[in-house]
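Structure, as structure tokens:
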Amino acid sequence: MKIASVIVDVPTTQTDRPFDYAIPDVWQGFIQRGMRVIVPFGNRQVQGFVLDLKNHSEFSNLKELIEPMDLVPVLNDELLHLGDFLAKTTLCMKISAYQVMLPPALKAKYDKYLILGNDTELQQLPFELQLLFDKKERVLWKDAVEVMSASYLYREARNGMFEVIYEVKNKGNKKKITYYRPAFSEQEFKKRLESVTLGNKQAQIIQFFLAYFQPHTVASIEENVTGARNSLKSLVEKGFLQKEEHEQYRDPYQDRQFVRTTALALTEEQQQVISPILKSIEEVNNDVFLLHGVTGSGKTEVYLQSIDEVIKKGKEAIVLVPEISLTPQMVNRFKGRFGNKVAVLHSGLSIGEKYDEWRKIQRKEVQVVVGARSAIFAPFENLGIIIIDEEHETSYKQEDSPRYHARDVAIERGNYHQCPIILGSATPSLESFSRAKKGVYTLLTMAKRMNQSALPKVEIVDMREELRTGNRSMFSQALLEKMRDRIEKKEQIVLFLNKRGYSSFVMCRDCGLVVQCPHCEVSLTYHKVSNQLKCHYCGYESYAPKTCPECQSEHIRFFGTGTQKVEEEIGKILPEARIIRMDVDTTSRKGAHEKLLTAFQEGKADILLGTQMIAKGLDFPNITLVGVLTADTMLHIPDFRASEKTFQLLTQVSGRAGRHQLPGEVVIQTYTPEHYSVQLAKEHDFIQFYQQEMSIRRVGQYPPYYYLALINVSHENLQLVVKVMDKITTFIRHNLSNQARVLGPAASPIARINNRYRYQCLIKYKKEPNLIPVIQKAIAHFHEEQLKKGMTITVDLNPFTMM
DNA sequence: AGCACGCCGACT
DNA sequence: GTCGGCGTGCTC
């Protein structure tokens with residue numbers, strides 16, 4: 001095999017195909033499919049993935065590839081194939097599909113350098129450049145353009161004064177740890193000592209080695225002989241010690257003790273649910289199970305015992321959880337059961353830590369991976385099960401290219417490995433539940449909580465009524481009384497503030513002006529800490545105005561209830577309450593999240609106050625009251641899934657209460673108590689909610705009855721955006737069947753971000769085999785505009801947000 | 001993406 | 001006449 005077919009790291013439609021390279025003799029037999037290589041591309045070097053090896057190419061004068069970047073392939077055949085699947089089903093570049101499957105540490109970085117031409121003397125250069133080149137062979141391009149214009153540099157490069165070179169940075173990411181070991185046996189060591197005289201420090205080090213005759217790290221030598229580091233080198237030179245480097249994994253969980261657990265006895269329901277799963281594992285079937293289990297019904301134990309069975313068969317398991325750093329309890333459960341067989345992958349890890357966890361998987365040192373969305377690409381080769389917990393979570397859909405959904409990838413991989421998939425949730429997505437009803441998935445139900453505990457009693461409080469009776473605080477009378485009661489009883493409270501879609505905006509009470517971002521069509525968010533207004537879309541910041549910028553009125557107010565404000569108010573009315581506040585501000589530091597939760601678990605606070613991040617996975621026995629301060633803010637966002645999201649959230653939050661011996665109670669405060677998603681969450685009635693919501697989706701022609709595709713065009717010039725979007729929409733409308741509904745063009749819900757206008761076209765369809773080629777054709781038409789005018793066109797198949 | 005090639009206006 | 005504007009097309 002003399003030729004490698006390579007996908008290059010140039011993410012454009014024109015280069016989204018394999019390029020052939022000759023394999024130089026030195027690398028013959030070494031280069032394999034799935035390896036990363038450095039190849040010449042045009043006049044620069046880029047990274048690429050070897051797709052294939054072959055002996056013939058249609059292209060006659062091939063360049064040689066430069067060198068491999070890996071010792072062993074980073075992508076196996078299955079993942080190479082999966083990349084193709086991603087590119088086809090999400091309309092992304094193949095290179096982006098492959099990059100997303102690997103830990104970010106393996107993504108190439110490029111450096112552009114300037115080196116002197118062959119005949120160039122340093123003195124010929126302008127003074128500023130002479131300084132840069134001083135004693136250096138090469139100068140970073142970005143340093144050079146600081147002192148000389150790019151056009152000058154390019155011109156002189158053309159004249160031969162410089163050469164411009166590119167280099168793929170292959171970062172040595174492996175963490176090395178240095179050991180010193182005795183160079184010979186103990187007797188030999190002593191014998192040799194007699195024939196030399198050593199300095200004081202060196203003698204001390206030798207004594208230390210004689211006392212503990214084994215390899216030592218520099219740190220441990222230093223502990224015993226201070227200043228030893230300076231003498232180690234000469235001991236190596238004299239032949240007493242050998243220096244060696246061991247690769248070491250950074251283990252983010254290394255200094256933590258995990259209490260080992262064994263399988264718990266299953267409840268009757270759990271047994272009923274697990275037996276078809278075990279059967280599927282046994283028979284190597286590619287079944288998809290939808291495990292619908294109420295909060296606290298013990299889904300995790302079902303996962304654990306299924307995985308255990310898979311491991312016994314010598315296979316591997318992937319467990320996806322929504323943003324795992326948010327649920328350290330979950331990690332503990334897996335680490336506790338499977339110990340060092342588990343790798344953990346989530347966004348809280350550093351790039352290096354992610355890389356290390358990934359390598360444990362690649363080297364088959366672990367059998368289980370627990371992680372967020374991208375863990376679905378774990379390079380296992382013998383998958384026995386894939387579990388997606390909280391299956392309905394929107395975070396399983398990646399919101400930028402490649403816009404894949406982990407569930408779809410899971411099903412594709414399950415099909416390849418012929419292994420079962422479990423989708424678990426207390427509130428399944430309508431898509432999954434309807435598939436289960438149709439028999440595409442196998443529905444498994446757990447309707448009871450473990451520990452004989454009942455689902456919590458839910459009380460809905462109409463906040464309009466509170467207002468009428470003169471209560472203007474954010475706590476209803478009912479909630480306040482219950483909070484007092486729990487604090488007295490030394491039981492714990494979780495207060496949930498639903499902030500999404502309800503940022504704390506600034507409004508003038510006189511003229512009604514809402515302060516907006518000058519670059520985006522969104523209202524600015526007030527941040528109390530810095531007294532600033534910030535735009536969450538483009539990062540614009542300004543100081544909070546004291547008077548209305550429009551009418552100069554002083555009645556300008558900050559609307560919306562932030563966690564800080566709630567904390568302040570509790571401090572006023574319940575001064576004895578100890579509060580832990582969890583939001584972006586208090587959990588941004590690494591590990592802060594877990595610390596706060598641990599403190600709460602240990603009873604160091606009465607109230608846990610937070611946003612989204614406390615809705616899931618909390619399982620503390622002492623929580624007996626859950627308060628939802630504003631249940632309906634999410635209902636008003638322009639999204640057909642608003643009701644579904646509200647129902648899911650209320651159910652999840654309620655599920656935090658009374659999971660163990662003590663009974664739980666939930667208070668939901670709302671301005672729309674009659675809404676079915678609020679009412680049915682109170683009744684814990686998912687089935688009823690499903691039916692009601694489905695009929696609305698049917699009428700509105702929304703998923704799961706229809707599939708969606710969203711095309712978005714953005715550019716600074718509004719006219720251009722409208723024109724292009726209009727042409728695309730018309731083209732698509734004419735080329736799909738009349739079953740399809742093509743809506744638009746219309747301004748996006750956020751009509752402008754970063755001064756770029758945004759228009760969109762929404763396609764609703766049931767069956768359109770030509771959809772993807774038609775969209776591709778429509779977009780291809782506007783290639784030039786994209787290239788020259790900086791217009792962006794994006795396509796999101798099965799979008800989760802319409803923003 | 002990044003660059004070379006190439007064809008038209010304003011400068012020595 | 002030439003420098004440089006950016007429109008066009010190519011990269012194995």
Side-chain angles (χ1 to χ4, degrees), chain A residues 1-25 27-28 31-69 80 87 91-100 107-115 117 138 140-142 144-145 148-169 400-402 715-717 720 724 779-794:
Chain A
M1 298 292 180
K2 293 196 155 53
I3 293 165
S5 187
V6 175
I7 295 287
V8 292
D9 183 15
V10 182
T12 57
T13 33
Q14 302 142 70
T15 51
D16 189 32
R17 60 193 170 83
F19 286 79
D20 290 346
Y21 288 89
I23 301 173
D25 290 342
W27 299 117
Q28 278 296 327
I31 305 283
Q32 294 169 51
R33 283 160 61 90
M35 271 186 184
R36 296 174 305 151
V37 288
I38 298 171
V39 294
F41 196 68
N43 63 341
R44 59 210 164 111
Q45 289 181 16
V46 296
Q47 186 200 77
F49 289 90
V50 177
L51 270 199
D52 233 331
L53 296 177
K54 52 191 186 181
N55 278 319
H56 300 285
S57 172
E58 289 173 19
F59 203 85
S60 52
N61 42 349
L62 298 182
K63 286 189 188 171
E64 288 194 335
L65 63 82
I66 294 167
E67 61 182 16
M69 294 175 75
L80 283 174
L91 291 175
C92 71
M93 307 297 155
K94 289 186 186 67
I95 189 69
S96 326
Y98 292 130
Q99 312 252 54
V100 81
K107 199 173 165 181
K109 296 270 190 302
Y110 299 95
D111 273 336
K112 191 176 184 180
Y113 288 100
L114 212 54
I115 58 174
R138 58 190 194 175
L140 273 171
W141 176 266
K142 73 169 168 45
V145 287
M148 298 300 292
S149 74
S151 62
Y152 163 84
L153 294 170
Y154 277 126
R155 191 171 57 237
E156 292 305 327
R158 229 171 292 146
N159 294 340
M161 190 186 283
F162 310 115
E163 243 180 278
V164 180
I165 56 165
Y166 291 83
E167 206 163 85
V168 179
K169 267 201 261 179
D400 39 51
S401 175
H715 191 268
E716 290 183 4
N717 180 336
L720 183 70
V724 170
I779 296 174
H781 229 252
F782 296 97
H783 235 142
E784 313 112 57
E785 266 90 347
Q786 284 200 68
L787 245 56
K788 67 182 176 213
K789 294 179 188 157
M791 189 168 73
T792 39
I793 305 179
T794 63

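In the text below, chain A, chain B and the rest are named by the order of the sequence lines, each starting its count at 1. We use all heavy atoms of the structure for the numbers below, so side chains are in, but hydrogens, waters and symmetry mates are not.
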Atom-to-atom span, CG of A/D16 to P of B/dA1 - whole angstrom: 13 Å
A/Q14 CD to B/dA1 C1', straight-line distance once rounded to whole Å: 9 Å
Pick out the pairs of N or O atoms, protein on one side and nucleotides 3-5 of chain B on the other, that lie under 3.5 Å.
residue	atom	partner	partner atom	Å
B/dC3	OP1	A/K112	NZ	3.3
B/dC3	OP1	A/Y166	OH	2.1
B/dC3	OP2	A/Y154	OH	2.8

Just jot down the side chain to side chain contact (heavy atoms under 4.5 Å, CB included) partners of A/E58, sequence neighbours excluded, or say none. none
For the pair A/Y21 and A/V8, evaluate side chain to side chain contact (heavy atoms under 4.5 Å, CB included) and give the outcome as yes or no after the intermediate values. CA-CA 11 Å; A/Y21 288 89; A/V8 292; 4.2 Å; yes
Would A/F41 count as stacking on C/dT11 if stacking means ring centres less than 5.5 angstrom apart and planes tilted under 30 degrees? yes
From A/L80 CG over to A/K94 NZ, what is the distance, rounded to the nearest 0.5 angstrom? 12.0 Å
Going by heavy atoms closer than 4.0 Å, what residues in residues 59-66 of chain A are next to DNA chain C? A/F59, A/L62, A/K63
Between C/dT11 (P) and A/Q45 (CD): distance, integer Å: 18 Å
Enter the distance from A/T13:OG1 to A/M93:CE here, rounded to the nearest 0.5 Å. 5.0 Å
Residue list, side-chain hydrogen bond (donor to acceptor under 3.5 Å, both in side chains) with A/T15, at least two apart or on another chain: A/T12
Under the side chain to side chain contact (heavy atoms under 4.5 Å, CB included) test, which residues partner A/R44, sequence neighbours left out? A/V10, A/F41, A/V46, A/Y166
What is the distance from atom CD of A/Q28 to atom CE of A/M1, rounded to the nearest 0.5 Å? 10.5 Å
For A/I115, side chain to side chain contact (heavy atoms under 4.5 Å, CB included) partners two or more places apart: A/R138, A/E163, A/I165
